[in-house]
Number of protein chains: 2
Amino acid sequence: MSASTHGPRERIVYVTAQRLRRAGVTGTGLREVVVAADAPRGSLQHYFPAGKDQLVGEALEWAGTWAAERVDEHLARMRRPTPARLFAAIVDDWSTDLAVRAFERGCPVAAAVIDCADTNEAVRQAADSALQTWQRPITDALASMGRTPRRAQALSTLMLCALEGAIVLARAQRDTAPLRLVARELGPVLDA
Amino acid sequence: MSASTHGPRERIVYVTAQRLRRAGVTGTGLREVVVAADAPRGSLQHYFPAGKDQLVGEALEWAGTWAAERVDEHLARMRRPTPARLFAAIVDDWSTDLAVRAFERGCPVAAAVIDCADTNEAVRQAADSALQTWQRPITDALASMGRTPRRAQALSTLMLCALEGAIVLARAQRDTAPLRLVARELGPVLDA
DNA sequence: CCGCTACTATGACAGTTGTCATATGGCGCG
DNA sequence: CGCGCCATATGACAACTGTCATAGTAGCGG
C-alpha cells in the first residue's frame, strides 16, 4: 500500500499519484511533491528529465498496475467468484478508502482525464493506458466466468463507468451511498 | 445554449462554466476567462467580490440549472417517456457534444469535485448543490412514470453515476462508445 | 590518486496565479 | 451644474508555477 520500493524515485511517483487524487494535475505542485516524498528536489530533473508530464504519466501507470493487482487479489480471495461479487469487492475497496480518508482522495485517472484530456495529450494517453491496465484483469476475469469476450468487455466497461461516476458523486455529497447503490443495482445485471 | 442574457456578468459566468469543463478549476485562470468573455477585468472584482470561489460557484449553479432545464425539454418532447428513453436522450446529448467538440469538454460539476472536493469546501458545496439541481427533475420524472419516490431517487442516482463515469472514459479514449454502452446496458434495468 | 558516474543541492528564470488599491469613465438625479 | 453611484480600467502585489543551469558531493573502479 505504501511506496512499492523505498528509493526516492519510487516515493516521488507514489506521492504524486496520491496528490493527483486530491487536487488533480494542475493542483499538484512539484515542490510540494518532493517535500511530501521527503526527496531532494534535484531528483526531479534527474529521474524525470521529461518534466511533469513524465512524472504524472508514471504516477498514472503505477496507479493502473496497482489497481489491476488489487483486482487479482480480490479474485484470488473468492471461492466462487461472480461478476457482481467482483464488482462489489472493488466498490467496497473504494468505499472504505473514501470514508477512512474523509473523501479526500478520488481516482487519479479520472483526475488526469478531467484536467488534461484537452490540454495535454501525453497525460491523456497515459490515463487511457492506465485505464486499460485496470480494466484488462476485470475483463479477463469475466471471461473466465463464462462471458463471451465481447460481453466481458462490455460489462467491465459498465463497471468502471458506474464506479468512476459513483466516486465523483460520493465525494460531492461526502457520502458513500452512491457507491453502495451502484453495487446493489448493477449486481443483477452483471450476474445475469 | 449561448449566454443566457447578454450582460458582461452573464457572459463571465457562462464562459467560466465552459472553461471548467476543459481544464477544471485550478486550470482555469481568471484573466483567461475575462478575455474569452470579452469582458473588462474590473468586472471581476465588481460582480464577484468574493473572488474565484464565488465565480466558480455561480458557474456551477448555472450549469446545474441548465442541465435541469434540458431534462425538462427532453421530457416535453417525448410522447411516451420511459426511464430508459430519458436516459438515452441525456446520454445522446453528451455523446454528440463530446464528439462535436472533439472531447474537449466534460462535466463542469465533476471537474469541480475532482479539483476541489478536499481543498475548497465552498466549491464542493456548490458542486453538490448543482448536482441536486440536475438530479431533481430526473427523479421527479421517474416518479411520474410510476416509480416510488425511493426507487426514483435510486434510479436517477444510478443514471448520473453511469453518465459521469462514461464521460470520463469517453474523454480518456476519445470515443463515445462508453456512453452508448451505458445507455444500452442500463436501459432494461431502468425500465424494469 | 584520478576520473567517472549517480545523485544531490541551490539559485535563478520567466511566466502565471488570485487579489487588491486606486483611478477613471459615464450617466442619471437632485 | 455637480454630486454620487455603477462600471470600468489599470497597475502592482506577493506567491506560486515548471524548468533549467550550475555546482556540489559521494562512491566506486582503475
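We name chains A, B, ... by the order of the sequence lines, and we start the count at 1 in each one.
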State which of [options] makes the closest approach to the side chain of [X].
X: Gln45(A); options: dT19(D), dC20(D), dT19(C); answer: dC20(D)
X: Arg31(A); options: dT8(C), dG18(D), dA12(D); answer: dG18(D)
X: Pro40(B); options: dG18(C), dT8(D), dA9(C); answer: dT8(D)

Return the value, rounded to whole Å, for the distance between atom [atom1] of [X] and atom [atom2] of [N].
X: Lys52(A); N: dG15(C); atom1: NZ; atom2: P; result: 19 Å
X: Leu55(A); N: dT17(D); atom1: CG; atom2: C1'; result: 15 Å
X: Leu30(A); N: dA15(D); atom1: CG; atom2: P; result: 20 Å
X: Leu44(B); N: dA21(C); atom1: CG; atom2: P; result: 16 Å
X: Arg19(A); N: dC16(D); atom1: CZ; atom2: P; result: 14 Å
X: Arg41(B); N: dT22(C); atom1: CZ; atom2: C1'; result: 12 Å
X: Glu32(B); N: dT17(D); atom1: CD; atom2: C1'; result: 15 Å

>> Looking at every non-hydrogen atom in both residues, tell me the closest pair between Ala63(B) and Pro108(B) and how far apart they are.
In response: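 For Ala63(B) and Pro108(B), the tightest heavy-atom pair comes out as CB-CG, 3.8 Å.
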
> Salt bridge between Glu58(B) and Arg9(B), side-chain N to carboxylate O under 4.0 Å?
Replying inline: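 Result for this pair is yes, salt bridge flagged.
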
>> Using 30° and 60° as the class boundaries, would you call the ring planes of Trp94(A) and Trp134(A) parallel, tilted or perpendicular?
In response: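 Taking Trp134(A) first and then Trp94(A), their aromatic rings sit tilted (interplane angle of 30° to 60°).
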
>> For a side-chain hydrogen bond (donor to acceptor under 3.5 Å, both in side chains) check, start with the C-alpha distance between Thr139(A) and Ser156(A), then their side-chain angles and the critical distance, and finish with the verdict.
In response: CA-CA 6 Å; Thr139(A) 310; Ser156(A) 64; 2.9 Å; yes

[N], OP1 or OP2 - any side-chain N/O from [X] closer than 4.0 Å?
X: Ser43(A); N: dT8(C); value: yes
X: Tyr47(B); N: dT8(D); value: yes
X: His46(B); N: dA7(D); value: yes

